[in-house]
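Below is one structure, written out as structure tokens, with a few remarks after it.
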Amino acid sequence: VTRAIIVLEDGTAFEGRSFGAEGEKTGEVIFNTQIIGYQEILTDPASKGQLVCMGYPHIGNYGINERLYESNHAHASALIVKEYSKIVSNWQAKGSLGDFMKKHGVIGVEGIDTRALTTHIRDHGEMKGIVSTKAFDVEALAAKAKGTKLEIRNSKFETNSKHEVRNSKIVINIGISKSVLACFPGAAVVAEDTSAEKILGLQPEEVIISSGPGDPRELTSLIAEVKKLVGKVKLLGIQNGACVLALALGCTVERLKVGHHGMNIPVVDPATGKGEITMQSHSYGVKGPGIEVVHKNLNDGTIEAFRTKKGDCAGTLYYPIDQRGKLPEGYKLV
Amino acid sequence: VIGQACEFDYSGSQACKALREEGYETILVNSNPATIMTDPGMADRTYIEPLEPEFIEKIIAKERPDALLPTLGGQTGLNMGFFLSKAGILQKYGVEVIGANAAAIERAEDREKFKETMASIGLAVPDSGIATTVEEGMALGEKFGFPLILRPAFTMGGAGGSCVYNVDELKKGLEYGLEVSPLHQILVEQSVLGWKEVEFEVIRDCKDNVIIVTSMENIDPMGVHTGDSIVVAPAQTCTTEELVDLENWCRKIIRAVGISGGGTNIQFGVNPEDGRVVIIEINPRVSRSSALASKATGFPIARIAAKLAIGLSLDEIVNQVTGKTYAYFEPTVDYAVFKVCRFAFEKFPDANQILTTSMKAVGEAMSIGRNYKESLQKGLRSLEYGRYGLGADGRDEKPEIAGDIEKIRNKLVYPQADRIFWLRHAIKYGLTDQEVYELSKIDPWFTHQIREIVEMENKVVKYKLNTIPDELLKEAKGLGFSDRQIAFLTKSDEVAVYEHRKKRGITPVYKLVDTCGGEFYPEKPYFYSTYDDATNECRATDNKKIMVLGGGPNRIGQGIEFDYCCCHASFAIKEEGYEAIMVNSNPETVSTDFDTSTRLYFEPLTREDVLHIVDAEKPEGVIIQFGGQTPLNLAKQLEDAGVPIIGTSVNSIDIAEDRKRFKAMLKKLKLTQPDNGTAISVEQARKIAKKVGYPVVVRPSYVLGGRAMVIVYDEADLDEYMAKAVFASPERPILVDKFLEDAIEVDVDCVSDGKQTVICGIMEHIEEAGIHSGDSACALPTFSLSKAILEEIRQSTFSMAKELKVKGLMNVQYAVKGSTLYVLEVNPRASRTVPFVAKATGIPWAKVATKVMLGHSLTEQGIEQELIPKHFSVKEAVFPFNRFPGVDPVLGPEMKSTGEVMGADEDLGVAYMKAEIAAGQKIPMEGKVFISVNDRDKRAVTDIAKRFDTLGYKIVATAGTADVLRKANIAIEEVAKLNEGRPDVLDLVKNGEIKMIINTPGGKKTKVDETKIRSGAIMHMVPIITTLNGARATINGLEAVKKKGFDVKALQDYHLK
């Protein structure tokens, strides 16, 4: 049995056993209340660099199947669970979660009180942490976590060649998942440093700023380019993409004390109370002015979807899809 | 009844509270007096009347409600709503159906419409067809091939359903299923035996907001009714994709069926080999599964469903557990939940014990742990079968049986109540997870959890208590091993293990059921213990508090009545300014509702689990006299461990239960009991029987509900019984009592504060002594007892209460033979009849008793003297015989009923008839009555037969009885006995010609034929009366009803102050 530890920057520590890759990684510690979906969470680019703590105690039961990846590889840095399943049981399983994590360099910590970690973050807010299978000096690890500046946004995400021709929809990729991309069939995918001129030159009807990891406020040049697109083309932002759009519209974006990570989160139209149960994974929230609230989070009242008065710009902080990448029936994005 | 237990008391009570909160006036109809919901304070108007259209219409005419909410009363309530709507009664009085309209109910329940609806959204249904005749069904069977599943329409708990493997079974199954379906409609379905069974609880509001409360997976795959399956929540072995697909189907289904403002349970079959999905069935109402889902997640489905029914939407209803979020969200958990089932096959030894699609379980326990191993073992010890986890508790099968591979295979292939233990044997034998799967179709993931338990067992067994490393002991506790198991494995004893652990600091922490997996700080969570974690979320306060031990899983002899008492204890404790701490493991109950007590511990009721809670909470007192036998069995151990038990002392309880001490007490008080003795060998039993004279009642000591209790008429009978009762030994003696023939049995409940004793109620049984008091109908007030006897009963009761220094409730059973009063039994605790007496007299006796225990004398409470109501209340037992085809429904000293109903009226006969109708007896107002009685009863039955004749009934009898009756000038239609020519009496029963049967058992010689007739009558729902007193009460009732008809009256009007 290999030891493994998770230490938060405030010095809170939990020691357990390793079940994935070995090594040491620093990242944002996120708790997720989903019972299922570990494979999707790990492979979602928006999880990049995160140390994900699963609240549900049995993880890994149904193994791994690459058909269900949200991207080609794992993005999260670590998975922290209560009990890693010693057996894989599902007809579709192509391998175990532990092997997958070893292959993709995701550190696994099992056998800790994940509820204690979850409630600690709930009470004290999301913070940085460090996982290690090598060093176990809590004070040193906490100091290291505190001193490390996370470099989440320096990665490039995939594009496709469809943007050479005229496309009705263009996705600016800041870390999109397969499921979200599947909402825009036939769309061209361009890199986040593509200029507004170039995008407008392709004469799209709609530009989508994708979901992605990290702090959206750091995407200053993209925000500047999106500003130039406002009013010229329909704009849709998803998750962090919605934050980028909101910033371009002159709104404020703030870090939430505790982000929204789960698949049971209610959003409602404040006027009617009609809503959706949504899947979410975002740590940043949008505040006005100048936007209409389409959906608010029923739990904490934060804005989850907005649009401009004219209706040409809209953003959703949640993933407007279920875990299958399907839009809810009758649901319209913009 | 089986398939519908106290979960609907839970849902009904929740609904009453929820509707009242919204300012509605509520009218409640339920025939079950043992429920919390029928407490006069729950609804504004409470009718304890039969749930039959005739009675409901009368209530509607009287009360003129605006709306009817039928979705919270199980299948009974739903069917009633549907029939009232179809019959135009609701339209006639302008009553709107809320919760689920008739069209939605029909789309969900009518097999043809359901298939159409599913097809319209593209969801696969197993190949199936509807049959309304046996011939149609046989043709369908031929088309689909075997095995097949038969599902009668509009029945509860899969009643009348079966798996059939050949033409013979199909024919039988069709005949029976068509009979029990109220629509005479049966679905013949291609079997998906062995597929995963996954269910969901889904809710939709008027704004079209839909939520999935939770998924649940049955460990026992398709083929075993979900009510008989071990169930885990949430589902464990489906991928995200599979589960999300199923959830999306759920959303489509609830919309297509058209439920808006309510919930539904949806069951799928999932092929474990390729993921194919079929829809099995849906229940458009609050169900047993939804009670489980509520308790498993903390999300109160019934409460929410009631609020949605009156037009609120999910986003408007506050989640009271978190106190800061709304009902519009999907609950999530960070623990593992098991539901395990309690069966009663020991009561029905002739019943087929293989589990099928017709539910047979009588109760259930739910357990919570931080992993499945911990949770499973907690669940198994919660069942109180005398098992303390998954084996390794000293109660396992002998090695030569547990290690017999043929036996193992058989037990895995043919599911029985104990299959989970055979998984362990299979693993120990060396079968792989895959091999177990092939035999049982149980998912290897579950088998592997059990394997991990076995591996731990193998580690622990290598140590002694003084050598076992702390780490290992803690790990074993974390996998749910009880102190009993560890004691067995380390050759120690339970108390030593407990003390050792405490010394080493290996004690549990408490975690929360909070609906949200820790995402929010909850205001009103409940608690479970775990060893698998470091941090403790226990919220014990320094306030003064009293703890109540609940009754655990329902079983025959211990049901909802005791939960009623526990809840009242909790209410009284809170009223007195204490915190009420509840401990119970039964998810169906009101006591495990999140807002019944100040804090709820969802835990097994065993020594260690209770002691740890006492340690955490440090209550001023612990109440053990309300939860039935369960907490009573713990009394001595808890007292020895220093737990402050309040109320009647453990010593007094022991006096009542210990034969010798009890005998001595009666002698001292100059009270009479039937001659008796205690035998520890066959010879001794014979000697005692001879001395007291046959017939005698024999039974093992310390049993519940008259378990294994019989009346024997001669020495041969006695020998036969003793041969079976191999457990007669000094530790487990056999009790032999003189049986009082033709005596009147009387039940008395009283309350005492130590100084003063007040009678709560004196009940006279309808059936003669010898029928278990739980199975006998009884009336309050008494109807045939003389003033002198009643006075003697009172004085005897007072003197025993005084002698036992009772503080709280006491129940006494008497027999009156001639002018002699015999004391049969004394229970210084809450009895089964307490809620019935409370409803009959209008006084909440359990609450009164609780306040006595908290130090308030009866005088202080204004309870000065016995209150004898001016009207009659009759309690009748409800039996599960229709679940056990072929089992003889004759009554005896062993309790067999699973529930009770009540009928009330100024006239005893009418009250009795109401109770009979409420119990589901289809009492005919005309037609043929078959009478066949034993020789002893022949003379007495003549008068009864004559009165039936006078009322216009036709009497049918076989030769012997016919001769006697003809002599009394009664016109008789003579019919052949079985095997003496056709048509015989059974033919007439099957053809529906005979409307009622009066048949008293004749003894061993005729038993085989009689059993056929009696169980045939049950199968064809012909009312059967097996005692002469029952027959007399019936004819009294029929005469009264024919003269006066039925009227309905609210409980509140009976007890106007």
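Chain identifiers are assigned alphabetically (A, B, ...) following the order of the sequence lines, protein sequences preceding nucleic acid strands; residue numbering begins at 1 within each chain.
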Review point. Where on B:Asp514 is there a heavy atom nearer than 4.5 Å to chain A: the side chain, the backbone, both, or neither?
Key: side chain
Check your understanding: Non-hydrogen atoms of chain B under 4.5 Å away: do they reach the side chain of A:Val88, the backbone, both or neither?
Key -> neither
Point to revise | Side-chain donor-acceptor pair present, B:Thr332, A:Gln34, cut-off under 3.5 Å | key: no
Exercise for review: Verify the distance criterion only: is there a donor paired with an acceptor across the side chains of A:Asn299 and A:His260 at less than 3.5 Å?
Suggested key: no
**Study point:** Residue part contacting chain B, namely of A:Thr272, when any heavy atom lies under 4.5 Å
**Key:** backbone
Review point. Relative to chain A, which segment of B:Ile212 carries a heavy atom at a distance below 4.5 Å: side chain, backbone, both, or neither?
Key: neither
Point to revise | B:Gln236-B:Asp443 side chain donor-acceptor pair, cut-off 3.5 Å | key: no
**Study point:** Contacting region of A:Phe14 [heavy-atom separation from chain B under 4.5 Å]
**Key:** neither
Exercise for review: Identify which part of B:Glu452 has an atom lying under 4.5 Å from any heavy atom of chain A, answering side chain, backbone, both or neither.
Suggested key: side chain
Exercise for review: Could you look at A:Arg122 and say if it's the side chain, the backbone, both or neither that has a heavy atom under 4.5 Å from chain B?
Suggested key: side chain
Point to revise | Portion of B:Asp433 that has a non-hydrogen atom of chain A nearer than 4.5 angstrom | key: side chain
Study note, to complete from the structure: Which of B:Glu374, B:Lys378, B:Arg370, B:Lys511 passes side chain to side chain donor-acceptor pair (under 3.5 Å) with B:Ser529? It is B:Lys378
Check your understanding: With only heavy atoms counted, which part of A:Lys274 is less than 4.5 Å from chain B, the side chain, the backbone, both or neither?
Key -> both
